[in-house]
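One structure is given here, and the rest of the page talks about it.
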Amino acid sequence: MSFGKGHHLHLIDGSAFIFRAYHALPPLTRKSDGLPIGAVAGFCNMLWKYVTDERGADAPTHAAVIFDHSAKTFRNEIYPEYKANRPELPEDLRPQFPLTREATKAFNIACIETEGYEADDIIAALSCQARDAGGSVTIISSDKDLMQLVGNGVGMLDPMKNQPIGPDEVFEKFGVGPDRVVDVQSLAGDAVDNVPGAPGIGIKTAALLIQEYGDLETLLERAGEIKQPKRRQTLIDHAEQIRISKRLVTLDCDTPLDFTLESLEVKEPDPQVLMGFLSEMEFRTLTNRVAERFKTEAPVISSAPVAPAADGAGVAPKGGPDFPAIDRASYTTISDAATLEQWIAEIREAGHVAIDTETTSLDEMQAELVGISLCVTAGKAGYIPLGHVAGEADLFGGGAKAEGQMDRDAVLKALKPVLEDDAILKILHNAKYDWKILARHGVRMAPLDDTMLLSYALHAGLHNHGMDELSQNYLNHAPQPIKDLIGSGKSQISFAQVPVDKATGYAAEDADVTLRLWQIFRPQLMPNAVTTAYERLERPMIPVLAGMEMAGIRIDPQHLSRMSGAFAQKMAQYEDEAQRLAGTKFNLGSPKQLGEILFDQMGLQGGAKGKSGAYSTSADVLEDLAAEGHDLPARVLDWRGVAKLKSTYTDALPTYVNPETGRVHTSYSITGAQTGRLASTEPNLQNIPIRTEEGRRIREAFIAETGNKLVSLDYSQIELRILAHVANIPALQQAFHEGIDIHAMTASQMFGVPVEGMDPMVRRQAKAINFGVIYGISGFGLSRNLRIPRAEAQAFIDTYFQRFPGIREYMDKTVADAKRDGFVRTLFGRRINTPNINANGPAAGGAKRAAINAPIQGAAADIIRRAMIRMPVAIADLPAKMLLQVHDELVFEVREDAVDDLIATARRVMEGAAEPAVKLDVPLVVDAGVGDNWAEAH
DNA sequence: GCCCTCACG
DNA sequence: GACGTACGTGAGGGCT
């Protein structure tokens, strides 16, 4: 049956419903998992009210709900600023959009949206078609932009007041009939949609003018006749802008539609489908209403949440919900096969288990497995002792195996199917540690959740993510310190020597705490919109980093030893000379003694005392003194340079060589840096010297195995590229596309000098500014960095912002976002909290700069993480291993004959790492180097 | 255990 | 108008 006379079409403005619902209701969340559903709840209530309203003869024969598809429409092509000053969508609303579409379909109402068009355009086209076919239309909306459609069988209905809007109401609003509404809007403009109109002319004046001249075109043609001089001039000057405004506000009857009016015929909802959706959303009242109306049974909505619910959309609340108290004495020691089988059955039943391993060392490469604890339900945890020894330790630190322990390999054999079962989630705190321990026993644990990483995804910037700190903060419980069991310092014992009963209390408690933290944190991901960040940027790092750490890197201890010897000689030489210059023996390593000699005894100028009341003897200060011709500070600088290299690198690195592998195994901290960067410890392999020639030679000690090469690939200028993208600076983007020297380009733009034959000093200054921008530039900081007067530095910065105003806007917006939300985000959704952003005093400045830097440094960190996560699969067929990450660099060890393959593959992965999540407006470029050692490769 | 200094990106 | 300032880390040595 075709749509025509006697038919009545209802067009519901879905987006308006959503926003009204969102703002009318508190931020409700779904009880079982914390999903924000306030707007969905309101939306469903409104739809329910709509479908159950008695309309009699006015009842629609056809109906549809129309949504806006995306923010960008064809109007942005006409006028880029259209709707540009709309506030950002609230964090917790966007995830509800797809659910409102599902709700509409559950109500069995046609659900319509079209890319590139606003809901209003679709409504216009449908209204025209229906009217032309001889039917009537009611638009369920109170949006004034739709009022131009009223008349000739098209009416509106304000859904809140349930009040019809006809030609009279339109005239009341605009002072003209519906056919001239567009003309008035074009003149008056619209602040909300950012339609410019004519400045100084509002609806009242616009209506007067249109009434007088009949229509807009006539008015613009005869604008010269207007008596008021100001108004006349405005219309003449802004004629073009007014015509653009008209194109923006005019709704088009010819919007393409890929469906027919007939397909919108009203259908009864299927009660089962509708109740299915509503119960999934856990809307109990509405589900019951539907059941009542359709005289059917309502489905039972589980009142047992999957996990404790959060109150609101904020960060996880303090204190645990409905958990039993933690009682260390209540835990089970699992020491026989039957009990273990029972635990395994419970784990399979639950589908998840919290796990913690106990070992003899914090170094996973050397630690021996001592026991495993398990927890399935809060308060019910068990410990499987495996490697405890009885009595006093013998000469080798071991002893007889303690009683009541199962065979380690038998237990691992029983647990392995669980630990590797795709259907059983393993929950750990700092899973990388346990993953490595178990990997050494042939178990590749998966899938994983990690409460340390959950906390990091949610709380980066708020606090650290150690279990004790989290337990204290979120469970209000202080777990037993390990010191209680093993002591500390010289008398410290191994966990293997701890009696089994005490070990059970400690170890099982950790699993219990981990499970509770998981139950609190996991539901917080969705409402805080960090699910993707956690699942795509944090969690997959665990096996990747574990692999890199276990691979380690070979070093040449003899090379380091030779350097240490040479450094010792130099130090002695510098020390003698310095003490001769000072006229007294003193400890060159003591800033306190040095400061007193320089500034009190020798009376040199430039002594500045810091907070602690001590003179600063930093390199900056000593360099200034040396430049004035003083020899003592120069010798101290020489001494310090060598002393640092010797103590931190050439002496220390060989002590980290693992006796079994003969290699150095660093440990990467995933949560160490607030921005998403990794941190490397024990040893730190991310700060191996390179800037000085002497320091660079230390890199020669990092070598490839025989027949292999080290390959280093690093991102070129990645942070500046990200800045060019996020701040949307066309000049910078273009320079990156053309492969131009970015610092020279900046200098050229700022100072108007050509790139060809540029003074290196000018380029250096531009480079310092480029870096400064990323750090949240200040005149003071730049002046110190470049050693130029502060006023001059400030003038550079002013020029820079004048030339690149988008950067200033980006920085201002970032700070404003941080102030409003309490956090900033990277392009990839990583959230970095900024708790001090609204502080007063000097802390505020630091928080601002950190907020400006975080999305840039963080996005770079996200990109290299994405590359690292894809890398193991990408290079699986090559005789190559990824060994190190240094923020923008990845170091590989690869068999000589596969170097070219490795470079091609790794480069492809790294350069494409942002995609498909983000399509950058700049290319990512990766430079590669090869060598027998790291110095050659870099 | 804090402070200073300095290595890296 | 003064204040204190580049962003993010980890390690070693001095000193209390």
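The shown structure was predicted, so the numbers you read here are calculated from the model rather than taken from an experiment.
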Among the candidates C:dG8, B:dG9, C:dG10, find the nucleotide nearest to the side-chain atoms of A:Thr675.
C:dG8
Sugar-phosphate, base or nothing in reach of A:Ser778, heavy atoms under 4.0 Å:
base
Roughly how many Å is it from CG in A:Leu723 to C1' in C:dC7, rounded to a whole number?
13 Å
Smallest heavy-atom separation, A:Thr746 atom then A:Asn770 atom, equals OG1-ND2, 3.0 Å
Contact class for A:Gly589 vs. all strands (heavy atom < 4.0 Å): base, sugar-phosphate, or nothing?
sugar-phosphate
Classify the nucleic acid contact of A:Asn684 as base, sugar-phosphate or nothing, counting any heavy atom under 4.0 Å across all strands shown.
sugar-phosphate
Distance below 4.0 Å between A:Arg677 side-chain N/O and B:dG9 OP1 or OP2
no
Can you tell me if A:Thr648 touches the phosphate of B:dC6, counting only side-chain N or O atoms and a distance under 4.0 Å to OP1 or OP2?
no
Tell me whether A:Lys436 is salt-bridged to A:Asp363, with the criterion being a basic N under 4.0 Å from an acidic carboxylate O.
no
Of the listed nucleotides (B:dC6, C:dT9, C:dG4), which one gets closest to any side-chain atom of A:Ser618?
B:dC6
Between atom CZ in A:Phe586 and atom P in C:dG14, what is the gap in whole Å?
13 Å
Considering only the P atoms, how many Å lie between B:dC4 and C:dT5, rounded to the nearest integer?
11 Å
A:Val886 meets the side chain to side chain contact (heavy atoms under 4.5 Å, CB included) criterion, sequence neighbours left out, with A:Gln686, A:Glu889, A:Trp934
Sugar-phosphate, base or nothing in reach of A:Ala847, heavy atoms under 4.0 Å
nothing
Whole angstroms only, please: what is the NZ-C1' distance between A:Lys646 and C:dG13?
13 Å
Checking all strands, does A:Gln674 fall into the base, sugar-phosphate, or nothing category for heavy-atom contacts under 4.0 angstrom?
sugar-phosphate
N/O donor-acceptor pair, side chain A:Arg640 with base C:dG13, under 3.5 angstrom
no
May I ask you to say what A:Arg784 touches in the nucleic acid, namely base, sugar-phosphate or nothing, with a heavy-atom cut-off under 4.0 Å?
sugar-phosphate
When you get a sec, tell me which of C:dA11, B:dC6, C:dT5 is the closest nucleotide to the side chain of A:Arg849?
C:dT5
Atom P, compared across B:dT5 and C:dA6: separation rounded to whole Å
13 Å
Have a look at A:Asn785 and say if it touches a base, only the backbone sugar-phosphate, or nothing, with a 4.0 Å heavy-atom cut-off.
base
Taking all non-hydrogen atoms of both residues, which atom of A:Gln601 and which atom of A:Thr584 are closest, and how far apart?
OE1-CG2, 4.3 Å
Counting side-chain heavy atoms from CB outward, which of B:dG9, C:dT9, C:dA6 is closest to A:Ala673?
C:dT9
Can A:Glu694 and A:Lys570 be counted as an ion pair, charged N to O under 4.0 angstrom?
yes
Starting at atom CD1 of A:Ile769, determine the distance to atom P of C:dC7, rounded to an integer number of angstrom.
17 Å
Which whole-number value in Å describes the distance from A:Leu637 CG to B:dC6 P?
7 Å
Using a 4.0 Å heavy-atom cut-off, does A:Leu678 contact any base of the nucleic acid, only the sugar-phosphate backbone, or nothing at all?
nothing
Whole angstrom is fine here: how far is it from OH in A:Tyr668 over to P in C:dG8?
21 Å
How is A:Ala643 classified with respect to the nucleic acid when contacts are heavy atoms under 4.0 Å: base, sugar-phosphate, or nothing?
nothing
Among C:dG8, B:dA7, C:dG12, which nucleotide sits nearest the side chain of A:Tyr649?
B:dA7
What's A:Ile777 touching, base or sugar-phosphate or nothing? Going by heavy atoms closer than 4.0 Å.
base
Using ring centroids (six-membered ring only for Trp), state whether A:Phe804 and A:Tyr800 fall under 6.0 Å.
yes
Give A:Glu889 one of three labels, base, sugar-phosphate or nothing, depending on what nucleic acid heavy atoms sit under 4.0 Å from its own.
nothing
Take a 6.0 Å sphere around CD of A:Gln569 and say whether it holds more than 12 heavy atoms from other residues, nucleotides or ligands.
no
Heavy atoms only, 4.0 Å cut-off, all strands: where does A:Asn587 land among base, sugar-phosphate and nothing?
sugar-phosphate
Minimum-distance nucleotide (side-chain atoms of A:Pro591 versus B:dC4, C:dA6, C:dA11)
B:dC4
Between C:dC15, B:dA7, B:dG9, which one does the side chain of A:Pro689 approach most closely?
B:dA7
How close or far is atom P of C:dG8 from atom CZ of A:Arg830, stated in whole angstroms?
15 Å
Classify the ring geometry of A:Phe751 against A:Phe796: parallel below 30°, tilted from 30° to 60°, perpendicular beyond 60°.
perpendicular
Rounded to whole Å, please give me the gap between CD in A:Glu719 and P in C:dT9.
13 Å
Does a side-chain N or O from A:Gln885 land closer than 4.0 Å to OP1 or OP2 of B:dG9, or not?
no
Touch class at under 4.0 angstrom, heavy-atom based, for A:Ala854 against every strand present
nothing
Name the pairing partner of C:dT9, where a pair is Watson-Crick or G-U wobble with both distances under 3.5 Å, or state none.
B:dA7
Side chain of A:Lys644, heavy atoms from C-beta onward: which of B:dA7, C:dA6, C:dT9 has the nearest atom to it?
B:dA7
Quick one: label A:Thr617 by what it contacts on the DNA or RNA (base, sugar-phosphate, nothing), any heavy atom closer than 4.0 Å.
sugar-phosphate
Can you find a side chain N or O atom of A:Ser616 that sits less than 4.0 Å from OP1 or OP2 on B:dT5?
yes
